[in-house]
Enquirer: 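Got a structure here, written out as structure tokens. Questions coming.
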Amino acid sequence: QSALTQPPSASGSPGQSVTISCTGTSSDVGAYNYVSWYQQHPGKAPKVMIYEVSKRPSGVPDRFSGSKSGNTASLTVSGLQAEDEADYYCNSYAGSNSWVFGGGTKLTVL
Amino acid sequence: QVQLVQSGAEVKQPGASVKVSCKASGYTFSDHHMHWVRQAPGQRLEWMAWINIGSGNTKYSQKFLGRLTTTRDTSASTAYMELSSLRLEDTAVYYCARDSGYLRYYLDDWGQGTLVAVSS
């Protein structure tokens, strides 16, 4: 199972919006509406920000949103804040109790 | 609240095995399956395995077939990950992560991570 493709980096100024893409195949992202996104600060465990493509767990700000079209999912962070600077990973269910992560995107708040 | 507490850091020689534990609390252990994920230094998250806590059934990433074993002890609310024939490139932080359940297919709570360093 190959990793999902994410851009290595993304950036934006405070208050701006940034979108991170995640491209898979018809066997994972394209096949299931089970894409999730994780935020990871340096030295910390990941934290889920989005699940089932566009749902937010309780406690996650509504500045975070997700979408999907075909084999590509996207995470949008609106109204960027300094604390949003982190690594972001997409993840997709790939069938038969297997999952796959993306390569990760380092989000910098300028 | 849900807590997943992992065992401490390990240093191993190439060819050895390592076993990492993950003790769960704050929920009914058998109600949620468990994943294992690793992250080499400066690298991406890598999904390794899933274990059905109730039945013990497992699914492993192709990359680790033959070297990886995940088990659980329901009486101790603890999941285990054992990786054998360790190589230098297995140096990583290993995480256990709880499956969300309810067929939502995401990882909703994570352990603090266990550093496994493989060095000669």
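Chain naming here is simple, since letters A, B, ... match the order of the sequence lines and numbering starts at 1 in each.
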Enquirer: For the CG atom of Leu45(B) and the CH2 atom of Trp99(A), what is their distance to the nearest 0.5 Å?
Expert: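 Answer for the CG-CH2 pair, Leu45(B) versus Trp99(A), is 15.5 Å.
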
Enquirer: Determine whether Gln39(B) and Phe101(A) make a side-chain contact, defined as any pair of heavy atoms from C-beta on separated by less than 4.5 Å.
Expert: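 A side-chain contact under 4.5 Å is absent here.
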
Enquirer: Would you kindly confirm whether Ile51(B) and Phe64(B) end up in one hydrophobic cluster when ILVMFWY residues are joined by side chain heavy atoms under 4.5 Å apart?
Expert: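 No, because Ile51(B) and Phe64(B) fall into different hydrophobic clusters, even though each may have its own neighbours under 4.5 Å.
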
Enquirer: In Å, rounded to the nearest 0.5 Å, how long is the span from OH of Tyr93(A) to OH of Tyr105(B)?
Expert: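 So the gap between those two atoms works out to 4.5 Å.
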
Enquirer: Determine whether Val35(A) and Trp47(B) fall in the same hydrophobic cluster, where Ile, Leu, Val, Met, Phe, Trp and Tyr are linked whenever their side-chain heavy atoms lie under 4.5 Å apart.
Expert: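 Different clusters: Val35(A) never reaches Trp47(B) through Ile, Leu, Val, Met, Phe, Trp or Tyr contacts under 4.5 Å.
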
Enquirer: Side chain, backbone, both or neither: which part of Lys44(A) has an atom under 4.5 Å from a heavy atom of chain B?
Expert: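 For Lys44(A), the backbone is the part near chain B, not the side chain.
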
Enquirer: Measuring from atom OG of Ser98(A) to atom CD of Gln62(B), what distance do you get when rounded to the nearest 0.5 angstrom?
Expert: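 Ser98(A) atom OG to Gln62(B) atom CD measures 9.5 Å (nearest 0.5 Å).
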
Enquirer: So which part of Ser96(A) gets closer than 4.5 Å to some heavy atom of chain B, the side chain, the backbone, both or neither?
Expert: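 For Ser96(A), the contact with chain B is made by backbone and side chain together.
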
Enquirer: So what's closer than 4.5 Å to chain A heavy atoms on Val37(B): side chain, backbone, both or neither?
Expert: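 When you check distances to chain A, only side chain atoms of Val37(B) fall under 4.5 Å.
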
Enquirer: Would you give the length of the straight line joining atom CG of Asn97(A) to atom CG of Asn52(B), rounded to the nearest 0.5 angstrom?
Expert: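 These two atoms lie 8.0 Å from each other.
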
Enquirer: Can you get from Leu110(A) to Val18(A) by hopping between Ile, Leu, Val, Met, Phe, Trp and Tyr side chains that sit under 4.5 Å apart?
Expert: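 No; tracing contacts between hydrophobic side chains, which count when under 4.5 Å, never links both residues.
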
Enquirer: Any chain of hydrophobic side-chain contacts (each under 4.5 Å) joining Met81(B) to Val118(B)?
Expert: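 Yes: a chain of side-chain contacts under 4.5 Å links Met81(B) to Val118(B).
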
Enquirer: Treat each ILVMFWY residue as a node, draw an edge where side-chain heavy atoms are under 4.5 Å apart, and state whether Met48(B) and Val93(B) are in one component.
Expert: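 No, it is not one cluster - the side chains of Met48(B) and Val93(B) are not joined through contacts under 4.5 Å.
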
Enquirer: Measuring heavy-atom distances to chain B, does Gln40(A) have an atom under 4.5 Å in its side chain, in its backbone, in both, or in neither?
Expert: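 Contact with chain B: side chain only.
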
Enquirer: What part of Tyr32(A) is in contact with chain B, defined as an atom under 4.5 angstrom from a non-hydrogen atom: side chain, backbone, both or neither?
Expert: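 Interface part for Tyr32(A): neither.
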
Enquirer: Quick one: which of Pro46(A), Ala45(A), Gly104(A) has the most heavy-atom pairs under 4.5 Å with chain B, could you say?
Expert: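 Answer, by heavy-atom pair count under 4.5 Å with chain B: Pro46(A).
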
Enquirer: For Tyr89(A) versus Gln43(B), what's the shortest heavy-atom pair and its separation?
Expert: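 Nearest heavy atoms, Tyr89(A) then Gln43(B): OH-O, 3.4 Å.
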
Enquirer: Select, from Tyr60(B), Tyr106(B), Tyr95(B), the one with the greatest count of heavy-atom pairs under 4.5 Å involving chain A.
Expert: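 That would be Tyr106(B).
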
Enquirer: Of the non-hydrogen atoms in Val48(A) and Leu107(B), which two are nearest, and what is the gap between them?
Expert: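 So the minimum-distance heavy-atom pair works out to CB-O, 3.8 Å.
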
Enquirer: Considering only heavy atoms, which portion of Asp109(B) lies under 4.5 Å from any heavy atom of chain A: side chain, backbone, both, or neither?
Expert: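 Asp109(B) has no heavy atom closer than 4.5 Å to chain A.
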
Enquirer: Under 4.5 Å heavy-atom distance to chain A, tell me which part of His35(B) shows up: side chain, backbone, both or neither.
Expert: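 Just the side chain, heavy atoms under 4.5 Å.
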
